[in-house]
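Notes to accompany the following structure.
Computed from a predicted model, the values in this text were never measured in an experiment. Proteins get letters first, then strands, A, B, ... in listed order; numbering begins at 1 in each.
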Amino acid sequence: MIFSKKSSDNADNRTEFEILISDKLRKLETVSMPDGIAINANAAKAKRRRISTSLSHTLVAAACLMLLVIAFPLFLPRTGITSEMDIAPGIKDESFLQSLHPLNDVFDMSDYVAVGTVVSMKDQAGDDGRNYIVIEVNVEDTIKGKVSNVATIKLLDTSDSFSLNDCTLKNFLENGARYVFITLPSEKSNTVLNIFQAIKVNKDGSLIQQYKNELPSLFDSNPSLLIDQKTTLEGLIAALRQRLGK
Amino acid sequence: MCVLDSSTEDICGQAIKRLARGDMDALSDIYQHMSRLIYTTAYAITENRQDAEDVLQDTLIEIVRYCKDYKKGSPKAWVITLTRHNAIDNVKKRKHEANLDDHDVSEEYGDLEALEVFDMLRPLEEKERRIVVYKLYTGLKFEEIARVMHMTKSAVEKKYQRAILKLREKEGLI
């Protein structure tokens, strides 16, 4: 019987079918690889680059890049996600609604979307031995989910695990600042919410930053909200409500 | 599992930390142990060798760029995160902009087998395909895949089960 076991997260407990698929995928390893890869700062812009060079060349190029990378943050303001890559350009009017399209996936999973001001953040040890961050939010507008004046967002503190570009939540959220919160419900408890995306609201209503889980917000095919400096809170909320059919 | 055993993962984790300290020789170790993982994962998802090479290149750049942010945990999951969030998506975006063909399989050795694999994966939606590749090729756990793909663990598990069902149907086993 080929499907005698239920699939498992443990590689040792795979079904025979999963092992079969795994073996087939491994056949891709027979495809020849390039001898070496050149690393340079323009690679991300290249549409096609066929470079086969020795690894020694790679290391020299990488050393140059390393210097560039070390120097690069000195020119950026320390506001969490800061590079230009993190702000999608030119999203306005008709294209703005289209840009929200990827959010369908997010809204399917999210049960709470709200605008609010962070009034406190504190660390808390969980019963499971892990560290959590508890964020108290004064809610001014609930777009999706249970309406309340106050929300407690409790999420796993991942700052001790890998993170990219200092984009951990602690480095992003500020006491007293307003955000649009889009949260994902925890599987274990409805009271523990994981922030999928938090968009900071400026005093003038413009939206300039976004936090997306623990990773830099890359706006390609990720189902995330795309924000540019011309996007206002008012426009965003209107679009969200329209998307949600309210 | 092919990809990386635990001792190799340790080596890679140490290499990333060495790289973060400025030891550029560590990049050689990372390339030696992880390039096949990155390349094959990208190839399985993009179905395009040139794209896979671009992904490998982009991912190595990201490793150099973000190595200081790696603290602990599975280096494999960390690298796949970089691969997924930067390299593959960027390549797909560039490809979309350039209106390039999806498929790029020659008749070189190994490519015919690749065609068989791609045909097997054909019924899957893109997310399902990624999840299957991450799960059954790279060996990531559901929780790790959930973090890579910004989904809940249960959503990943559901999509995975649905994908397996489709693959079984494709193989004529249902």
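- Atom-to-atom distance recorded for B/L37:CG and A/E29:CD is 8.5 Å, nearest 0.5 angstrom.
- Summarising the geometry of A/S22 relative to B/L136, their closest heavy-atom pair is OG-O, 2.8 Å, with the distance given to 0.1 Å.
- B/K159 pairs by the salt bridge (charged side-chain N to carboxylate O under 4.0 Å, His left out) definition with nothing, not counting sequence neighbours.
- Separation of atoms NZ (A/K24) and CG (B/L121) is listed at 9.5 Å; rounding is to 0.5 Å.
- In this structure, CG on A/L28 lies 9.5 Å from OH on B/Y39, to the nearest 0.5 angstrom.
- Listed by chain and number, the residues in a salt bridge (charged side-chain N to carboxylate O under 4.0 Å, His left out) with B/R18 are B/D23, B/D29 (sequence neighbours excluded).
- Summarising the geometry, atom CG belonging to B/L167 is positioned 10.0 Å from atom CD belonging to A/E18; distances are rounded to the nearest 0.5 Å.
- The minimum heavy-atom distance between A/I21 and B/V132, with the atom names listed, is CG2-CG1, 4.2 Å.
- Here the closest non-hydrogen pair linking B/Y43 and A/V31 is CE2-CG2, 3.4 Å.
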